[in-house]
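Letters A, B, ... mirror the listed sequences (proteins, then strands); counts begin at 1.
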There are 2 protein chains.
Amino acid sequence: MVSNGAGPDNANTADRLLTVAAHLFREKGYAATTTRELAAALGVKSASLYYHMRSKEDLLYDICVDSIQRIDAEVRAKVAEATDPLDELRAFVTTHLRVVLMDHDRHATMLLELRFLPEDRRREVLELRKSYVRVARQILQNLQEKELIRRDLTTTNLSLAIFNTLNWTILWYHPDGASSLDDVIEFLLSFIMAGVQTPGTPMPDGAAMTARPRRRK
Amino acid sequence: MVSNGAGPDNANTADRLLTVAAHLFREKGYAATTTRELAAALGVKSASLYYHMRSKEDLLYDICVDSIQRIDAEVRAKVAEATDPLDELRAFVTTHLRVVLMDHDRHATMLLELRFLPEDRRREVLELRKSYVRVARQILQNLQEKELIRRDLTTTNLSLAIFNTLNWTILWYHPDGASSLDDVIEFLLSFIMAGVQTPGTPMPDGAAMTARPRRRK
DNA sequence: GTCTATAAAGAGATAGAC
DNA sequence: GTCTATCTCTTTATAGAC
């Protein structure tokens with residue numbers, strides 16, 4: 001099999017390095033992960049790492065940029081396929097969760113270990129994140145203009161509430177846990193769709209249980 | 001002023017130490033915070049720390065136990081004052097958020113740096129957290145039995161969704177930020193009360209805007 | 001209760017052979 | 001592309017004077 005450059009495949013050592021690093025960074029934290037552990041996990045001596053990377057910090061930077069760019073592209077693509085404004089929100093929520101939880105190590109690292117990057121690089125990643133968040137806010141604004149969701153909360157606050165509901169999941173979700181990925185996506189989507197509905201109004205179109213078609217395992 | 005033993009006052013050096021440590025642990029992470037920085041923040045030499053603590057790890061342990069015990073007591077007290085089942089949920093949400101965001105450093109440390117404790121101590125703190133979560137689940141179960149909230153999601157999943165919505169706030173909230181503490185509490189409460197309502201039903205009693213009386217600054 | 005001095009271990013990274 | 005060997009710096013923690 002040959003690398004197609006499209007995903008975090010681990011064909012070459014440089015990619016494997018990012019994958020293994022993200023795993024350790026999530027489990028032990030960036031600061032507490034040593035280059036020696038990294039080397040051991042890859043089955044090489046620590047000096048050998050430096051043939052594939054410039055520094056430990058570069059690994060973190062690459063993981064952050066890579067994961068945010070990937071989720072941004074994937075989510076925009078799925079949202080573009082949506083057939084109506086409410087479905088755009090459903091597409092955003094489900095795709096965000098699916099990508100974050102399937103590329104768990106990298107996204108948890110990006111979301112939680114960002115502070116260990118120096119100022120300039122951290123800002124760069126934060127800009128990418130800001131641009132990504134704007135996708136959600138655009139969807140929400142459109143829904144408010146069409147009066148399809150509540151208007152008593154600002155799009156800023158709605159988007160904060162939604163990202164809260166989505167992102168804390170990385171701290172307890174585990175593939176072998178009590179809830180499958182599909183279960184988690186389903187109940188969080190249902191909770192969010194109820195949370196954004198206009199107060200005093202029945203749900204838009206029975207939003208709770210009419211999630212998008214589920215992916216089979 | 002004399003210590004009353006009731007709060008994280010900083011009358012003595014041992015308490016100041018916990019407060020300063022929690023602040024650094026949240027800002028830089030436990031692993032990346034050095035005992036020298038800790039000492040510098042307290043205005044002493046690093047050797048002097050060891051008169052007040054046994055180890056850096058003990059600080060983390062004390063912060064975790066202290067913060068979870070405090071929020072547990074405070075939230076149970078406020079919930080007990082509630083006048084009806086729905087008000088119990090409102091009391092839980094508002095008190096949880098208020099305590100977490102006002103004792104921001106300690107709670108963020110407890111929630112995010114717990115993994116750096118050795119197995120036995122980590123388990124001990126997790127047991128305390130489990131017991132605290134049960135408060136929320138009891139409230140939700142009671143509400144479901146009385147058919148005052150939706151019954152299509154389990155109490156486990158409702159409580160996961162609610163804690164998601166509440167806890168991720170520690171990663172973006174800042175006292176001087178765009179939203180005041182009261183604003184944050186208000187819109188997250190409103191989002192959560194909408195999220196738990198029975199699908200296809202108007203909100204229980206116009207829950208969105210009838211938050212509990214707000215504290216004045 | 002705080003200090004100076006230092007021990008003992010571990011960190012990220014490099015040099016140069018193979 | 002990986003190795004052995006090592007440099008240099010930093011880490012947590014202790015000993016013992018004041």
Side-chain angles (χ1 to χ4, degrees), chain A residues 1-3 9-64 109 113-122, chain B residues 1-3 9-64 109 113-122:
Chain A
M1 191 182 282
V2 160
S3 169
D9 63 27
N10 306 326
N12 60 67
T13 309
D15 277 350
R16 266 190 73 216
L17 183 48
L18 281 195
T19 299
V20 170
H23 184 68
L24 289 173
F25 290 170
R26 176 169 77 85
E27 288 216 320
K28 319 194 22 132
Y30 171 77
T33 299
T34 70
T35 51
R36 284 165 177 78
E37 288 169 322
L38 208 44
L42 281 161
V44 297
K45 300 294 176 182
S46 61
S48 307
L49 291 179
Y50 292 86
Y51 178 81
H52 303 282
M53 68 181 200
R54 286 242 312 275
S55 70
K56 183 180 153 187
E57 183 202 299
D58 277 18
L59 286 180
L60 178 57
Y61 175 73
D62 289 345
I63 288 166
C64 289
T109 297
E113 308 295 324
L114 188 57
R115 59 181 160 186
F116 295 108
L117 284 179
E119 182 69 6
D120 51 341
R121 290 183 140 188
R122 194 173 62 243
Chain B
M1 194 181 284
V2 160
S3 169
D9 63 26
N10 306 325
N12 59 67
T13 308
D15 277 350
R16 266 189 72 216
L17 182 50
L18 282 194
T19 300
V20 170
H23 184 68
L24 289 172
F25 291 170
R26 177 170 76 84
E27 288 216 320
K28 320 194 22 134
Y30 171 77
T33 299
T34 71
T35 51
R36 283 167 176 78
E37 289 169 320
L38 210 43
L42 281 161
V44 297
K45 300 293 177 183
S46 61
S48 308
L49 291 179
Y50 291 86
Y51 179 82
H52 303 283
M53 68 178 200
R54 285 242 313 277
S55 69
K56 183 181 152 185
E57 182 202 302
D58 277 18
L59 286 180
L60 178 57
Y61 175 73
D62 289 344
I63 288 166
C64 289
T109 297
E113 309 295 324
L114 188 57
R115 60 181 160 186
F116 295 107
L117 284 180
E119 181 70 5
D120 52 340
R121 291 183 139 188
R122 192 174 61 243

Atom pair distance, as rounded to whole Å: [atom1] in [X] and [atom2] in [N]:
X       : N      : atom1 : atom2 : result
B:Leu17 : C:dT2  : CG    : C1'   : 14 Å
A:Arg16 : D:dG1  : CZ    : P     : 13 Å
B:Lys45 : D:dT11 : NZ    : C1'   : 17 Å
A:Tyr51 : D:dT2  : OH    : P     : 8 Å
B:Leu59 : D:dT11 : CG    : C1'   : 16 Å
B:Leu42 : C:dT2  : CG    : P     : 9 Å

Candidate list B:Asp62, B:Leu38, B:Val44, B:Asn12, test side-chain contact (heavy atoms from CB on, under 4.5 Å), partner B:Leu17, passing option =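 Considering B:Asp62, B:Leu38, B:Val44, B:Asn12, a side-chain contact (heavy atoms from CB on, under 4.5 Å) with B:Leu17 is found only for B:Leu38.
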List the atom of [X], the atom of [Y], and the distance in Å for their closest heavy-atom pair.
X       : Y        : value
B:Tyr30 : B:Glu113 : N-OE1, 3.0 Å
A:Leu59 : A:Ala21  : CD1-CB, 3.9 Å
B:Arg16 : B:Ala41  : NH2-O, 4.3 Å
A:Arg26 : A:Thr109 : N-OG1, 3.7 Å
A:Lys28 : A:Glu37  : NZ-OE2, 2.8 Å

Would you list the protein and nucleotides 10-14 of chain C atom pairs, both N or O, that sit under 3.5 Å from each other?
{"from": "C:dG12", "atom 1": "OP1", "to": "A:Thr33", "atom 2": "O", "distance (Å)": "3.3"}
{"from": "C:dG12", "atom 1": "OP1", "to": "A:Lys56", "atom 2": "NZ", "distance (Å)": "3.0"}
{"from": "C:dG12", "atom 1": "OP2", "to": "A:Thr35", "atom 2": "N", "distance (Å)": "2.8"}
{"from": "C:dG12", "atom 1": "OP2", "to": "A:Thr35", "atom 2": "OG1", "distance (Å)": "2.8"}
{"from": "C:dG12", "atom 1": "N7", "to": "A:Arg36", "atom 2": "NH1", "distance (Å)": "3.0"}
{"from": "C:dG12", "atom 1": "O6", "to": "A:Arg36", "atom 2": "NH2", "distance (Å)": "3.2"}
{"from": "C:dA13", "atom 1": "OP2", "to": "A:Tyr50", "atom 2": "OH", "distance (Å)": "3.1"}
{"from": "C:dA13", "atom 1": "OP2", "to": "A:Lys56", "atom 2": "N", "distance (Å)": "3.1"}

Is B:Ser48 near enough to C:dC3 that one of its side-chain N or O atoms lies under 4.0 angstrom from OP1 or OP2?
->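 Result: yes.
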